[in-house]
Each structure stands twice: as C-alpha cells, then as structure tokens.
Amino acid sequence: MTRIAFVNGRYVPFAQACVHVEDRGLQFADSVYEVCAVSDGLALERDAHLARLERSLIELEQGSPMSRLAMAGHIDRMISLNRIRNGIVYIQVTRGVARRDHPFPVQTVHPTLIMTARRTDPVRASEMAARGIAVKTMPDIRWGRCDIKTTALVANVLAKQEARASGAYEAWLVDEAGLVTEGASSNAWIVDSEGALVTRSLSHDILPGITRASILALARERQMAVVERAFTVEEALCAREAFITSAGAFVMPVVAIDGRPVGPGVPGPVASSLRRDYIRSHMQTKN
Ligand code: PDD
C-alpha cells in the first residue's frame, strides 16, 4: 500500500511529498504542529487538537490555511487513505515560503500545511504500560513560551536523546527552582503521598496537553482529589505513583526516575485505571 501525505491541498505519494527550501518552517521553525492519536480508525480529540492549533497560530500571528471544518475533513481523509486503524496523524502549519529574512514577510504569503499519518502498535504500547517507563531528569533549557506548540523542538530533541542514551524512555525537564515542568513530549504527573493527583498548573512553562485536560476531567468525574501545582523531583520519588500523558502515550506509568524507583517500582493502580478509562471513553465518544 502506498503511504500518502497531504501537502498544500494535494494528496501525494509519501516519497514525493516535499516543501520549498525557503519554507520558514524549515529555516526558522516558524511553524506550529499537532499530533492526533488514531484509535479504531478515529482521530481522538480531533476538535480539541484543531482548537489548540488555531490558538498556536494566533499566538505566532500566523495565518490559518483553511477552516477548522476543512482541516478536520483532511485529517479523516488521511486516516482512511493510509488505512490507519491505530496510529497518529501529524499536522504542521508554517508561515509559508519567503526569501530568508527574520521579520515576517512583507508580501502576502500562503501558510504551508502538511499532514502525514502512520501506524502504531497498540499491543506494544499496552506491554510498555504494563511494565512502566523510566524517566531521566535534566534542566529545562527551552524558550519562554512552551505553551505554544511550535516545531522549535531542538531542546526537547536533545533532552529526549540524553534520556534514551541513558536507557530512560522520557526526559523530565526541571526549572531553575527545582520543579518539574513537563516531559520532552508529554505532561508530567504524580499521585502524591496523600493520594492526590498532581500536575503542574497551566502557564507559559508547559504545553496545555489535550490528554492532560481529559485526564483532569476524568479524575474530577471520579471525585478524586486533584491539585494543579508544581512538584519537585524529590517529591516525585516519594510519591505513590508517577505517570506521563500525551496523544502518543495516552497515560503511561513512570516506575523509575534517575534510576531510583517510584513507590514499589511497578505501575500503580491510579495510572493504570486512568489509562484504561481514557482509552475506553475515547473509543465510545467520537472526537
Ligand atoms: N507531544 N508537552 C509537550 C512538550 C509535548 O510535546 C506534548 C505532546 C505534550 C502532551 O500534549 P498532548 O496531550 O496534547 O499530546 C506535553 C506530541 C505527542 C509530540 O510532540 O509528538
């Protein structure tokens, strides 16, 4: 089967998909993106991802390539053209193509819109969730607007690489006050020693995760104690449980931080049941 990409309004074979050498996304990371999980052939939380994409575009004073409805239609089409049952759809919008110069182009430019889709293996993901993952902490050296989902990800890339090189799956980024901001590509959570669910509150320091918002809603529905506040690495090590959330990982238990076990060092009941309920509820509700 030929993989298909979407580039500026056209569905093209993956191998032939390309953008201009002077695209500002390529030259300045002057672009924003989204990753939507696909489960059972449906884009999970598609509308929430598109709403966040619009917000990112507004924050960077970038134009939108098309309406939310049209974009939603292309996401669904990408899933069916690529015959994705479980996987992800990647969406990126750049400011467009212009002669290389840092300020916004003076002439009108059309935003570049690209989408790709690929399969993931849900069995492998469940196996990983059953084992839990290790994280490695490191200083958060990113810019001051981590709430905008831009493709300026080199600090995240370096952090993830350092984590993987040390045998950990994810990096947990720590601010100058010693508080965990978030993962290199996920939000960070603990179940504290009192049993409350804790995740950092929204600010310019973290991405407002779509999965984070759903898990908060799910926990409140269950009448769990939930606190949006920052926590230290030491507190996470003394916590009952820790986990990460993202469109790719859903809810993934963290069983070790910097080589030291979290709680008994196995996935905890809160993370495991939130993962199960999140997957279940999103299978039932479409978008
Ligand atoms: N990353 N924080 C960061 C820095 C992220 O990159 C992501 C997602 C999240 C979780 O957000 P959400 O729940 O909306 O996926 C938090 C995606 C999956 C990525 O870059 O591949």
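Just follow the structure's listing: the first ligand is 1, and inside any ligand the first atom is 1. Starting from 1, each residue takes its place in the sequence as its number. Since the structure is predicted, the reported quantities are computational estimates derived from the model, not experimental observations.
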- Message: Tell me the nearest of Ser186, Gly209, Ala249 to atom 16 (C) of ligand 1, using heavy-atom distances.
- Response: Ser186

- Hey, does Glu34 sit under 4.0 Å from ligand 1 if you only count heavy atoms? no

- Task: Using the side-chain contact (heavy atoms from CB on, under 4.5 Å) rule, pick out the option among Ile244, Thr199, Leu274, Val270 that qualifies with Trp189.
- Result: Thr199

- Quick check: does Pro208 get an N/O under 3.5 Å from an N/O on ligand 1? no

- Query: Applying a strict 4.0 Å limit to heavy atoms, is Gly183 in contact with ligand 1?
  - Reply: yes

- Task: Number the atoms of ligand 1 from 1 as they appear, then name those within less than 4.0 Å of a heavy atom of Asn187, with their elements.
- Result: 10 (C), 16 (C)

- Report the part of Leu207 (side chain from C-beta onward, or backbone N, CA, C, O) that has a heavy atom under 4.0 Å from ligand 1; answer both or neither where that applies. side chain

- Mind checking whether His49 has an N or O less than 3.5 Å away from an N or O of ligand 1? no

- Any idea which protein heavy atom is nearest atom 18 (C) of ligand 1, and the distance to it? Val35 CB, 4.0 Å

- Query: Does a side-chain N-to-carboxylate-O contact under 4.0 Å join Asp175 and Arg200?
  - Reply: yes

- Charged N to carboxylate O below 4.0 Å: is that the case for Glu34 and Lys149? no

- Query: Does one side chain, of Ser31 or Thr151, offer a donor that lies under 3.5 Å from an acceptor on the other?
  - Reply: yes

- Message: Check this for me, if you would: do Arg99 and Glu22 make a salt bridge, where the nitrogen-to-carboxylate-oxygen distance has to be below 4.0 angstrom?
- Response: no

- Shortest protein contact, atom 2 (N) of ligand 1 (heavy atom only): Glu182 OE1, 2.7 Å

- Would you tell me which option among Ser185, Ala155, Ala213, Ser246 has the nearest heavy-atom contact to atom 7 (C) of ligand 1? Ser185

- Task: Report yes if some N/O of Arg52 lies less than 3.5 Å from some N/O of ligand 1; otherwise report no.
- Result: yes

- Message: Tell me whether Arg142 is salt-bridged to Glu182, with the criterion being a basic N under 4.0 Å from an acidic carboxylate O.
- Response: yes

- Task: Select the closest option to atom 4 (C) of ligand 1 among Gly248, Ala184, Ala247, judged by heavy-atom distance.
- Result: Ala184

- Walk me through it: do Val198 and Glu228 pass the test side-chain contact (heavy atoms from CB on, under 4.5 Å)? CA-CA 6 Å; Val198 180; Glu228 290 181 67; over 6 Å; no

- Task: Check whether any side-chain N or O of Arg240 sits under 3.5 Å from a backbone N or O of Ser193 as a donor-acceptor pair, and report yes or no.
- Result: yes

- Task: For Thr245, counting its heavy atoms only, list the atoms of ligand 1 lying under 4.0 Å from any of them.
- Result: 10 (C)

- Decide whether an N or O pair under 3.5 Å exists between Arg142 and ligand 1. no

- Short N-O contact, Asp258 and Arg260, less than 4.0 angstrom: no

- Query: Considering only the protein, which heavy-atom contact is closest to atom 20 (O) of ligand 1, and what is its distance?
  - Reply: Tyr33 OH, 2.6 Å

- May I ask you to decide whether Asp101 forms a salt bridge with Arg24, counting only side-chain N to carboxylate O separations under 4.0 Å? no

- Query: Counting each atom of ligand 1 from 1 as listed, which ones have a heavy atom of Thr211 under 4.0 Å away?
  - Reply: 12 (P), 13 (O)

- re atom 1 (N) of ligand 1, the protein heavy-atom contact at minimum distance is Lys149 NZ, 3.3 Å

- Would you say Met78 and Ile88 are hydrophobically clustered, going by side-chain heavy atoms of ILVMFWY under 4.5 Å? no

- Does at least one non-hydrogen atom of Tyr90 fall below 4.0 angstrom from an atom of ligand 1? no

